[in-house]
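In what follows, a structure is listed as structure tokens, so that the remarks can point back to it.
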Amino acid sequence: MHRRVFLALLLAGAAAGPAAGQVAVPSGSALPPPPAGPMGFNEWLQDFRARALAAGIVPKAVLDRELAGLTPNDRVSALDGAQPEFSRPVSAYIKAALTQSRIDIGMRRRNEPFFPAIERRYGVPREILMGIWAQESGFGSILGDFDIIRSMATLAADGRRRAWAEGELVAALQIIASGEHPRSRLKGSWAGAFGQTQFIPTTYLSTAVDGDGDGRRDLWGSAADALASAANLLAKAGWRRGETWAREVTVPSGFDFSLTEGPKETPDWWEARGVRRADGRPWAAADRAAPAQLIAPSGAGGPLFLLFPNHFAIRKYNNSTAYALAVGLLADRFAGMGPLAKAWPEEVGLALADRQAAQRALAALGFDPGAPDGVVGVNTRAALRAWQKSRGLTADGYLSMDMVRRLRTEARL
């Protein structure tokens, strides 16, 4: 997982509790808020230790042992502050995810003996879980080697996400204090996620489960634990049993693409507007009653999808449309479905300066895209659709280089 602040908010609640024979740690107290403004690492560390000690949320012995001699990790700071010069198109992301070798591995592993019990308990299909498993760690082959304590301390001291990073640091210290895992086990990504399904510490405490019945929650060494925990997360996020996640669709000539990323209506509502399943099959009864949203992730010239509630449950795992599409499309292939009816187009990534220029142009023309940060998110796409529609263009909200040039020319930027 990457930067999952929303998971801490979504899944906060009663912790799953320590396994048999482990020591419970205080969990009812909150860490007092950190001071505002820049701080040096040692100044922050001294302040954090004092606040954590006063709150009583981590035993003093654990604080003393784990914070002793702690230093920042400059590599973590560099990775946190980096912003890619060029955006990665959705098509490139999906193509990199849906490799034949990855599909082959998934097909071989779909009959793991722990899957039936997980599916019965949580209602999440094994194929979806394998999609997450593939995306997060290459089926458990890539786990990361960053010291979680040091990474979270570095991010907290840097200050950009101090309150979040401190909360994750406290959770990591509580995992150690509980006896579930020593610090030597708490290795993962630079951003604090760990294990085969990449949980952050707070999500581990609230949501990780023992899937293999050995009395431990081991997301590193036990695929059963990792995938049962991922299923528990999706169930908490609102996974709906028996419903699909999305389906590729087609639209008629002259379709109003300003409807993309807009209303969530039943397939019957969309069919009345000419939207059809690309495979020509009828909708299942459960899907026909569910609200669905149309998206055109690569514009009107690429594949189109109706997204069902389970797509948005996947996005509670990682709040990225591209990520959820990759997981779902992998799941479809693991289930024996073929490739999409419409191939992904060849897209060119836009430079940061071009994305920011388009946002400034939209603002200058009276269409509010939000801050000119170069992130082409929901607000930017909505502003672009409104501008495209007002100019008689295909209002798909897709920012191509041609759209950048048109915007810059009209706004005289």
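Residues take their numbers from the sequence shown, with the count starting at 1.
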### Message
Pair Phe367, Trp387 - check side chain to side chain contact (heavy atoms under 4.5 Å, CB included), show working.
### Response
CA-CA 7 Å; Phe367 301 88; Trp387 173 78; 3.7 Å; yes
### Query
Backbone N or O of Ala226 within a donor-acceptor pair of the Thr197 side chain at under 3.5 Å?
yes
### Task
Using distance alone, with no hydrogens and no angle criterion, decide if Asn232 and Thr207 have a side-chain donor and acceptor under 3.5 Å apart.
no
### Query
Side chains of Ile149 and Ile176: does their closest heavy-atom pair fall under 4.5 Å?
yes
#### Entry: Listed partners of Phe146 passing ring-ring contact (aromatic ring centres under 6.0 Å, His included), at least two apart
none
### Query
Looking only at atom types and distance, does a side-chain atom of Arg126 sit under 3.5 Å from a main-chain N or O of Arg110, one as donor and one as acceptor?
yes
### Summary
Residues passing the salt bridge (Lys or Arg N to Asp or Glu O under 4.0 Å) test with Arg355, sequence neighbours excluded, are none
### Query
Does Lys264 make a cation-pi contact with Phe312 (under 6.0 Å, within 45 degrees of the axis)?
yes
### Task
Taking Asp225 for its side chain and Leu219 for its backbone only, find out whether a donor-acceptor pair lies under 3.5 Å.
no
### Task
Answer yes if the side chains of Glu168 and Thr202 hold a donor-acceptor pair under 3.5 Å, and no otherwise.
yes
### Query
Do Glu136 and Tyr323 get their side chains close enough for a donor-acceptor pair, meaning under 3.5 Å?
yes
### Query
Taking side chain as C-beta onward, heavy atoms only, is Pro291 less than 4.5 Å from Glu265?
no
### Query
So, Arg247 and Asp279, do they make that salt bridge, N to O below 4.0 Å?
no
### Message
Test your reading of the model: is there a side-chain donor-acceptor pair from Asp396 to the backbone of Phe257, 3.5 Å cut-off?
### Response
no
### Task
Of all the heavy-atom pairs spanning Val76 and Ser151, show the shortest one and how long it is.
CG2-OG, 3.6 Å
### Message
Does Lys95, at its NZ atom, have more than 12 non-hydrogen atoms belonging to other residues, nucleotides or ligands within less than 6.0 Å?
### Response
yes
### Summary
Minimal heavy-atom distance between Gly302 and Pro345, with the atoms involved, is CA-CD, 4.0 Å
### Message
Test side chain to side chain contact (heavy atoms under 4.5 Å, CB included) on Gln293 and Leu306; report intermediate values, then the result.
### Response
CA-CA 5 Å; Gln293 183 183 61; Leu306 277 184; over 6 Å; no
### Summary
Note: Val62 and Ala177 closest approach over all heavy atoms is CG2-CB, 3.8 Å
### Interatomic distance, Met152 atom CE to Leu169 atom CG [nearest 0.5 angstrom]
8.0 Å
### Task
Report yes or no: does Glu248 contribute a side-chain atom to a donor-acceptor pair with the main-chain N or O of Pro303 at less than 3.5 Å?
no
### Message
Measuring only between side-chain heavy atoms, which start at C-beta, is Pro263 closer than 4.5 Å to Trp270?
### Response
yes
### Task
Mind listing the closest non-hydrogen atom pair of Arg162 and Pro34 along with its distance?
CD-CB, 3.5 Å
#### Entry: Flag side-chain contact, heavy atom, 4.5 Å: Met401 against Val348
no
### Query
Is the NZ or CZ atom of Arg277 both under 6.0 Å from the centre of the six-membered ring of Trp283 and within 45° of that ring's axis?
yes
### Task
Go through the structure and list residues passing ring-ring contact (aromatic ring centres under 6.0 Å, His included) with Phe194, not counting sequence neighbours.
Tyr204, Trp220
### Query
Going through the checks in order, is the salt bridge (charged side-chain N to carboxylate O under 4.0 Å, His left out) test met by Arg51 and Asp47?
CA-CA 6 Å; Arg51 286 183 290 119; Asp47 175 79; 2.6 Å; yes
### Message
Using side-chain heavy atoms (C-beta onward) and a distance below 4.5 Å, is Asp368 in contact with Leu362?
### Response
no
### Message
Looking at Gln100, I'd like to know if its CD atom is crowded, meaning that more than 12 non-hydrogen atoms belonging to other residues, nucleotides or ligands lie closer than 6.0 Å.
### Response
yes
### Query
Distance-only, no hydrogens or angles: does the Arg240 side chain make a donor-acceptor pair with backbone N or O of Ala290 under 3.5 Å?
no
### Query
Can you tell me how far the NZ atom of Lys316 sits from the CG atom of Leu233, to the nearest 0.5 Å?
10.0 Å
### Message
For the CD1 atom of Ile175 and the CG atom of Leu205, what is their distance to the nearest 0.5 Å?
### Response
4.5 Å
### Task
May I have the step-by-step check of side chain to side chain contact (heavy atoms under 4.5 Å, CB included) for Tyr122 and Leu227, ending in yes or no?
CA-CA 11 Å; Tyr122 300 104; Leu227 294 168; over 6 Å; no
### Message
As an exercise, state the distance from CD1 of Ile314 to CG of Asn319, rounded to the nearest 0.5 Å.
### Response
12.5 Å
### Query
ring-ring contact (aromatic ring centres under 6.0 Å, His included) with Trp133: which residues, sequence neighbours excluded?
Phe139
## Note on the structure
When Arg75, Lys187, Arg183 are each screened for salt bridge (Lys or Arg N to Asp or Glu O under 4.0 Å) with Asp147, the one that passes is Arg183
### Query
Just checking, is any N or O donor in the side chain of Gln135 or Arg102 under 3.5 Å from an acceptor N or O on the other one?
yes
### Query
What residues form a salt bridge (Lys or Arg N to Asp or Glu O under 4.0 Å) with Glu347, not counting sequence neighbours?
none
### Query
Is the closest side-chain heavy-atom distance between Leu234 and Val124 below 4.5 Å?
yes
### Query
Hey, is the main chain of His311 close enough, under 3.5 Å, to the side chain of Arg315 for a donor-acceptor pair?
no
### Task
Any chance you could measure Thr244, atom OG1, to Ile128, atom CD1, to the nearest 0.5 Å?
7.5 Å
### Task
For Ser222 and Asp212, test the side chains for any donor-to-acceptor distance below 3.5 angstrom and give the result as yes or no.
yes
### Query
Counting only N and O atoms by type, is there a donor-acceptor contact under 3.5 Å from the side chain of Asp332 to the main-chain atoms of Met337?
no
### Message
Is there a side-chain contact between Tyr93 and Leu325 in this structure, where contact means two heavy atoms from C-beta onward sitting under 4.5 Å apart?
### Response
no
### Query
Looking only at heavy atoms, what is the nearest atom pair of Pro369 and Gln359, with distance?
CG-O, 3.2 Å
### Salt-bridge contact Glu180-Arg217 (side-chain N to carboxylate O under 4.0 Å)
yes
#### Entry: Any donor-acceptor pair under 3.5 Å from Arg381 side chain to Val376 backbone
yes
### Message
What I want to find out is whether Lys389 reaches Asp256 closely enough, with some N-O distance under 4.0 Å, to be called a salt bridge.
### Response
yes
### From CZ (Phe305) to NZ (Lys342), nearest 0.5 Å
11.0 Å
### Message
Is the shortest side-chain heavy-atom distance between Arg333 and Met130 below 4.5 Å?
### Response
no
### Query
How far apart are the C-alpha atoms of Ile57 and Gln174, what are their side-chain angles, what is the distance that settles it, and do they pass the side chain to side chain contact (heavy atoms under 4.5 Å, CB included) test?
CA-CA 8 Å; Ile57 51 180; Gln174 288 179 331; 4.1 Å; yes
### Task
Sequence neighbours left out, what passes ring-ring contact (aromatic ring centres under 6.0 Å, His included) with Phe48? Give chain and number order.
Trp44
### Message
Whether the side chain of Ser229 engages the backbone of Val209 through a donor-acceptor N/O pair (distance < 3.5 Å, no angle test) should be reported.
### Response
yes
